Amino acid sequence: MLDIKRFRNDLETIETALKHRGHPLNDMTSFMQLDTKRRELLQQAEQLKNQRNVVSQDVAKKKKAGENAEDLIKEMREVSDQIKTLDEELREIESQLEQILLTLPNILHSSVPIGKDEDDNVEIRRWGDIPTFDFEPKAHWDIATNLDIVNFEAGAKVSGSRFLFYKGLGARLERALINFMMDLHCIEHGYEEMLPPMVVNRNSMVGSGQLPKFEEDAFKLENDEYFLTPTAEVPVVNFYREEILSAEHLPKKYVAYSACFRSEAGSAGRDTRGLIRLHQFNKVELLKFVKPEDSYDQLEKLSENAEKVLQLLNLPYRILSLCTGDIGFTSAKTYDLEVWLPQSNMYREISSCSNCEDFQARRAGIRFRRDHKSKPEFVHTLNGSGLAIGRTVAAILENYQQADGTVKIPEVLQPYMNHVREISIK
RNA sequence: GGAGAGGUGGUCGAGCGGCUUAAGGCACUGGUCUUGAAAACCAGCGAAGGGGGGACUCUUCCGUGGGUUCAAAUCCCACCCUCUCCGCCA
């Protein structure tokens, strides 16, 4: 959420940012009119409330003294009616203002490349050597099916399309990756581990920015205001909702595993095969709560921490700075990590690392105090996948496949898989 | 799911229609005293939003949302959460 004061002082920056995002900004003037109207009404209401408070004291005094206060009471009855009317108008205007504020995306950082869509994202660097094969590399879904480590049909039967079963060494590989990543980030990178709830309430979804705008993307539980979490970012960001942290405890760094649930509305026909786009997938997520002046350094470190996973798995990747037209709603700046998939002959997103600045903190009311005397300020929040597990499995299957259909296990994972060195056909 | 008890500032805790501008304690900050510290004493100490150049000032906030009243932390209704006991359960 953006600071309403910024609209009064710095409307131009907001309009420019929205334009670069391709966000329509037609009701800016009516928004400003509402804001002005709100302040007018507020002043009227407050003046009347002050009158009511003062006169009510007089009523109390008169009654105490045994005097008649009927005239005052009669007068205040009218004043109270006026207050009620004004308060209703105010409530209406404030809810309109809030509705607009909640649907406006974050302001972009000045270093974000200007562009229209994903084609305009800027590559920052590449890592790793793209493997060469002396045979035609297979798609991960064919490899997995041949090895009998994933079952898509059973997923479709038991749940529906875009659900699946992992089995045997497939399930083991998925679990090994979760443990490997959690250990790396906890032990090597100093993140604190969290295992959050995977069902969250509406306030949490609004706090981290999924709602009200993207309700059709979420899985909602019938008859309840509960949602299946689309990412561990939602519960972990909201861990500190409406709280004031002390500066000495910042930065706070968390790593959380969760299953993630996405309705994938509007992506019918895209990536219908394999592990790339599912209704349910596993993810290890990195979260940071930091001081505003640190957040861009912390973004670099965050993406480096995510990159480290790919380096240790020896998977080639590139890192992109998302352009203004492709960047997410809550983010001020985002790096995407894309891993190499040999069969597709292209890089595919496997992690997204974002600095949300104070956008989520403002929605969720997460603040900190520099010292005992100072006023609370909003923290900056960052999040990044570290990494998406299913897509990592896909990358391992495709990059580590052998001519005979077997798949080697990356060395760093072997200790997590009872020292299995390859997955072969039974 | 049933029955009870509760939710008040950073924390503990009083208040149960108008002398509350939310008492008091603790914590915290500054000061006095002290070689230094502790203790003691003095003072300060919540958030959000308005107005003003500023010193200031006003409004709102006692789990959340409604209602009653001239006036609500206090009364009424609904909901949420916590605790205790019972039932059920991995």
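Just so it is clear: chains get the letters A, B, ... in the order the sequence lines come, proteins before strands, and each one is counted from 1. These figures come from a predicted structure and were not determined experimentally.
Going from the P atom of B:G44 to that of B:G49 covers 26 Å, rounded to whole Å. With both ends at atom P, the span from B:A22 to B:C61 equals 11 Å, rounded to whole Å. Between B:U11 and B:U60, the two P atoms lie 24 Å apart (nearest whole Å). B:A48 and B:G53 have their P atoms separated by 22 Å, with the value rounded to a whole Å. Of the P atoms belonging to B:G15 and B:G6, the separation is 12 Å, rounded to the nearest Å. Taking atom P in both B:A78 and B:C19, the straight-line distance is 30 Å, to the nearest Å. To the nearest whole angstrom, the two C1' atoms, one in B:C41 and one in B:C33, are 9 Å apart. B:A43 sits 32 Å from B:G7 when the P atoms are compared, rounded to a whole Å.
For the pair A:L48 CG and B:G51 C1', the computed distance is 16 Å after rounding to whole Å. With rounding to whole Å, A:L245 atom CG is found 15 Å from B:A47 atom P. Note: CD (A:Q44) to P (B:G51) measures 13 Å, nearest angstrom. A:K37 places its NZ atom 16 Å from the C1' atom of B:G50, with the value rounded to the nearest Å. Atom CG of A:D35 is separated from atom C1' of B:G49 by 12 Å (rounded to the nearest Å). In this structure, A:Q43 places its CD atom 11 Å from C1' of B:U59, rounding to the nearest Å. Between A:E242 atom CD and B:G10 atom P there is a gap of 12 Å when expressed in whole angstrom units. A:N53 places its CG atom 12 Å from the C1' atom of B:A72, with the value rounded to the nearest Å.
A salt bridge links A:R370 to A:E293: at least one charged side-chain nitrogen sits closer than 4.0 Å to a carboxylate oxygen. Note on A:E215 versus A:R202: salt bridge recorded, some NZ/NE/NH1/NH2 to OD/OE distance being below 4.0 Å.
Ring-centre distance between A:Y296 and A:H380: not below the 6.0 Å cut-off.
Proximity note for A:N50 (side chain, C-beta onward) versus B:C58, B:U60, B:A48: the nearest is B:C58. Closest to the A:R369 side chain, of the nucleotides B:C70, B:G46, B:G50, is B:G46. Taking every side-chain heavy atom of A:K49 into account, B:U60 is the closest of B:U60, B:G50, B:C70. Relative to the side chain of A:V59, the nucleotides B:C70, B:G66, B:C81 differ in distance, and B:C70 lies closest. Between B:A47, B:C70, B:G50, one nucleotide has an atom nearer to the side chain of A:P376 than all others, and that is B:A47. Among the nucleotides B:G66, B:G49, B:C70, the one closest to any side-chain atom of A:E46 is B:G49.
Mapping A:I244 and A:E88 onto RNA chain B by nearest heavy atom places A:I244 closer to the 5' end of the strand.
Partner assigned to B:U69 is none, using Watson-Crick or G-U wobble distances below 3.5 angstrom. When Watson-Crick and G-U wobble pairs are counted only if both distances are under 3.5 Å, B:U59 pairs with B:A48. Across all strands shown, B:G4 forms a Watson-Crick or G-U wobble pair with B:C83, both key distances being under 3.5 Å. Both distances falling under 3.5 Å, in either a Watson-Crick or a G-U wobble arrangement, occur for no nucleotide opposite B:A23. Under the Watson-Crick or G-U wobble criterion, with both distances below 3.5 Å, B:U35 is left unpaired in every strand shown. Base pairing annotation: B:G54 forms no Watson-Crick or G-U wobble pair, as no partner gives both donor-acceptor distances under 3.5 Å. Both distances falling under 3.5 Å, in either a Watson-Crick or a G-U wobble arrangement, occur for no nucleotide opposite B:G9.
A donor-acceptor pair shorter than 3.5 Å cannot be found between the side chains of A:T330 and A:N106. For the residue pair A:Y257 / A:E193, no side-chain donor-acceptor distance below 3.5 Å is found, with atom types taken as modelled. Side chain to side chain, A:S56 and A:N53 fail the donor-acceptor criterion of an N or O pair below 3.5 Å.
Within 4.0 Å (heavy atoms only), A:K84 reaches sugar-phosphate atoms of the nucleic acid but no base atom. A:R8 comes within 4.0 angstrom of the backbone, heavy atoms only, and of no base. Within 4.0 Å (heavy atoms only), A:L72 reaches no atom of the nucleic acid at all.
Under the 30°/60° scheme for interplanar angles, the aromatic rings of A:F329 and A:F214 are found to stand perpendicular.
Residue A:R38 has a polar side-chain atom (N or O) positioned under 4.0 Å from OP1 or OP2 of B:G50. Phosphate proximity of B:A48 to A:K375: present, with a side-chain N or O under 4.0 Å from OP1 or OP2. Side-chain nitrogen and oxygen atoms of A:S80 include at least one within less than 4.0 Å of the OP1 or OP2 phosphate oxygen of B:A71. A sub-4.0 Å separation between OP1 or OP2 of B:A48 and a side-chain N or O of A:R367 is present. A sub-4.0 Å separation between OP1 or OP2 of B:U69 and a side-chain N or O of A:R77 is absent.
The two residues A:E216 and A:A265 have their closest heavy-atom pair at O-CB, 3.5 Å.
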